[in-house]
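The structure presented is a predicted model; accordingly, all values stated were derived computationally and were not measured.
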Amino acid sequence: MTKALITGINGQDGSYLAELLLKKGYEVHGVIRPSSIQNQQKLSFLKNDFNQLKLHVCSLNNHLSIYKLIDAIKPEECYHLAAASFVSYSFEDEASILETNLNPTHFFLSSIKELVPQCKFYFAGSSEIFGNTDVAPQQETTRFNPRSIYGISKLASHYVVKNYREHHGLYACTGFCYNHESPRRNHAFVSRKITSGAAKIYLNREDKIQMGNIDAIRDWGYAPEYVEAMWLMLNNPYGPRDYIIATGIPHTVRDLLDLAFSLVDLDYTRYIEIDSNFFRPGEQIPLLGDASNIYKDLGWQPKTKFSTIIEEMLLNDINLLK
């Protein structure tokens, strides 16, 4: 039985990945924060599989804790998904974001190198590493130009992964994931903000949503499919390679609003207020991913339509409120 370790197991991607690996017969270990023990709500996505999972409380910013964890489990696959995921452009929390996202990546790789060098390592990269790009869609060879501390931290971690692969011979790779959504998406993200807001307005719980730039363009995919791509990357017959995981299909925030509200027969223009505080720096060229390499090598491609994803999220939010 293959042993896998997942950081961020109680998040959107981690919980879907845990379900996928359990179905494949894996022994699944997950890292959770001490706060998750006190607040069981943080483990709600795992409730259906709770008895099958082996959960470990560990501080990801402590090298010794990670070393002991790797030594105790000796995983054959490690999926490092945990991160400070909010894309802040204010630079107020830059030190903590860099520390939270970069240090654990290095701690895991150095521990794996010492204890289980045969363990395969997946790092959750981000489209934000391309940042202020000069070409769309982006490919794996596109110039990196992050413009947020989050993007910088992800790029720095990617280079640590690349270093351990090229200089220490580890099976280590980065998946450059573009936006991917599901009913488990955190409310801090615009997709969930819109579907939960539309649900509240439909049920007469609220009457407005505050929005930023609704003409911003995003590449939105389906989270359960993206975690399958992660698994394929650690079972790649060509060895460790970095891939873009994306749809390549552009949609604006306005498209998402129109779709979500139309599903409950409402006109979104009557319920939104534009607030400049929510504006991010404008993108001259949108972040759209070219996933042709992962399709060519591993046969992965996105299947679920944007409209289906948003409908699933909206219905889930209505049911949760009811």
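Both Ile272 and Tyr202 belong to a common hydrophobic cluster when Ile, Leu, Val, Met, Phe, Trp and Tyr are linked at side-chain heavy-atom distances under 4.5 angstrom. The cluster map of Ile, Leu, Val, Met, Phe, Trp and Tyr, joined by side-chain heavy atoms under 4.5 Å apart, puts Tyr122 and Leu21 in the same cluster. Hydrophobic clustering (side-chain heavy atoms under 4.5 Å, transitive across Ile, Leu, Val, Met, Phe, Trp, Tyr) keeps Ile112 apart from Tyr26. Cluster annotation: Leu81 and Leu234 are assigned to the same hydrophobic cluster (Ile/Leu/Val/Met/Phe/Trp/Tyr, side-chain heavy-atom contacts under 4.5 Å, transitive). Hydrophobic clustering (side-chain heavy atoms under 4.5 Å, transitive across Ile, Leu, Val, Met, Phe, Trp, Tyr) groups Leu46 together with Val227.
Put simply, the side chain of Lys154 never gets that close to the backbone of Pro146: no donor and acceptor are under 3.5 Å apart. Looking at Lys3, its side chain never comes within 3.5 Å of a backbone N or O of Glu77 through a donor-acceptor pair. Counting only distance, with no hydrogens or angles, the side chain of Ser153 and the backbone of Tyr150 share a donor-acceptor pair below 3.5 Å.
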> Which is it for Asn236 and Tyr171 under the side-chain contact (heavy atoms from CB on, under 4.5 Å) test, yes or no, and what are the steps along the way?
Replying inline: CA-CA 10 Å; Asn236 189 343; Tyr171 189 118; 3.3 Å; yes
>> ring pair (Phe, Tyr, Trp, His ring centres under 6.0 Å) for Phe176 and Tyr243? Distances and angles first, verdict last.
In response: CA-CA 6 Å; Phe176 304 117; Tyr243 292 105; 9.5 Å; no
>> Go through it in stages, so that I can follow the logic: the residues are His168 and Asn163, the test is side-chain contact (heavy atoms from CB on, under 4.5 Å), and I'd like the CA-CA distance, side-chain angles, deciding distance and then a yes or no.
In response: CA-CA 7 Å; His168 301 294; Asn163 181 273; 4.0 Å; yes
> Between Tyr164 and Ser110, does a side-chain contact (heavy atoms from CB on, under 4.5 Å) hold up when you go through it step by step?
Replying inline: CA-CA 8 Å; Tyr164 270 78; Ser110 62; 3.4 Å; yes
>> Set out, in order, the CA-CA distance, both residues' side-chain angles and the distance that settles side-chain contact (heavy atoms from CB on, under 4.5 Å) for Leu5 and Ile70, then state yes or no.
In response: CA-CA 9 Å; Leu5 174 63; Ile70 295 295; 3.8 Å; yes
>> Using the rule given for side-chain hydrogen bond (donor to acceptor under 3.5 Å, both in side chains), can you reason through Glu206 versus Tyr271, listing the C-alpha separation, both sets of side-chain angles and the distance that settles it, and then say yes or no?
In response: CA-CA 9 Å; Glu206 289 184 2; Tyr271 302 101; over 6 Å; no
>> Set out, in order, the CA-CA distance, both residues' side-chain angles and the distance that settles salt bridge (charged side-chain N to carboxylate O under 4.0 Å, His left out) for Lys200 and Asp317, then state yes or no.
In response: CA-CA 8 Å; Lys200 289 171 186 173; Asp317 281 323; over 6 Å; no
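Of the candidates Gln139, Gln138, Arg143, Gln139 is the only one forming a side-chain contact (heavy atoms from CB on, under 4.5 Å) with Thr141. Phe261 pairs with exactly one of Asp267, Thr195, Ile201 by the side-chain contact (heavy atoms from CB on, under 4.5 Å) rule, that one being Ile201.
Across Glu99 and Pro104, no two heavy atoms sit closer than the pair O-CD, 3.4 Å. Summarising the geometry of Leu288 relative to Tyr178, their closest heavy-atom pair is C-CE2, 3.5 Å, with the distance given to 0.1 Å. When every heavy atom of Cys58 is checked against every heavy atom of Leu69, the shortest pair comes out as SG-CD2, 4.2 Å. Summarising the geometry of Arg192 relative to Asn186, their closest heavy-atom pair is CB-O, 3.4 Å, with the distance given to 0.1 Å. Across every non-hydrogen atom of Glu76 and Met1, the tightest pair is OE2-O, 3.7 Å. Shortest non-hydrogen contact noted between Leu314 and Ala198 is CD1-CB, 3.9 Å.
Here the two rings, on Phe144 and Phe130, have centers that are under 6.0 Å apart.
How far NZ of Lys113 is from CG of Leu170: 8.0 Å, rounded to the nearest 0.5 Å. Here the CD1-CD1 distance, from Ile249 to Ile217, works out to 13.5 Å after rounding to the nearest 0.5 Å. One distance of note links CG of Asp13 with OG of Ser182; it measures 8.0 Å at 0.5 Å rounding. Rounded to the nearest 0.5 angstrom, Ile245 CD1 and Ser127 OG are separated by 11.5 Å. Going from atom NZ of Lys303 over to atom OG1 of Thr308 covers 14.0 Å, rounded to the nearest 0.5 Å. Considering CG of Asn101 and OG of Ser157, their distance stands at 6.0 Å, rounded to 0.5 Å.
Note that Arg185 lies in the cation-pi zone of Phe189, set by a 6.0 Å cut-off to the ring centre and a 45° limit from the axis. Remark: Arg184 is positioned above the aromatic ring of Tyr16, its terminal NZ or CZ atom under 6.0 angstrom from the ring centre and at most 45 degrees off the axis.
Under the 4.5 Å side-chain criterion, counting only non-hydrogen atoms from C-beta, Lys120 is not in contact with Cys78. Between Met211 and Glu273, every side-chain heavy-atom pair lies at or beyond the 4.5 Å cut-off. Looking at Lys193 and Ile209, their side chains come closer than 4.5 Å, going by heavy atoms from C-beta outward. In this structure the side chain of Leu259 never reaches within 4.5 angstrom of the side chain of Leu256, judged on heavy atoms. Annotation: side chain of Leu263 is not in contact with side chain of Leu315 (no heavy-atom distance under 4.5 Å). Residues Lys162 and His167 have side chains not in contact (no heavy-atom distance under 4.5 Å, counting atoms from C-beta outward). Looking at Glu312 and Pro183, their side chains come closer than 4.5 Å, going by heavy atoms from C-beta outward. Inter-residue side-chain proximity for Phe123 and Cys173 is flagged as unmet; no heavy-atom pair is nearer than 4.5 Å.
In the displayed structure, Lys305 atom NZ is contacted under 6.0 Å by at most 12 heavy atoms of other residues, nucleotides or ligands.
At a cut-off of 3.5 Å, with distance as the only test, a side-chain donor of Thr304 or Glu225 sits close to an acceptor on the other residue. Trp300 and Tyr226 share no donor-acceptor pair across their side chains, judged by distance under 3.5 Å alone. With 3.5 Å as the limit, one finds no donor-acceptor pair spanning the side chains of Glu114 and Tyr67. Under 3.5 Å, the side chains of Asn293 and Glu140 contain a donor-acceptor pair of N or O atoms.
With respect to Lys23 and Glu19, no salt bridge is recorded, no charged nitrogen being found less than 4.0 Å from a carboxylate O.
Judged as a side-chain hydrogen bond (donor to acceptor under 3.5 Å, both in side chains), the pairs with a partner in residues 244-258 (not counting sequence neighbours) are, in order, Asp215-Arg254, Asp219-Thr247, Thr252-Asp255, Arg254-Tyr268. Listed by first and then second residue, the ring pair (Phe, Tyr, Trp, His ring centres under 6.0 Å) pairs involving residues 98-120 are His63-Phe107, His80-Phe108 (not counting sequence neighbours).
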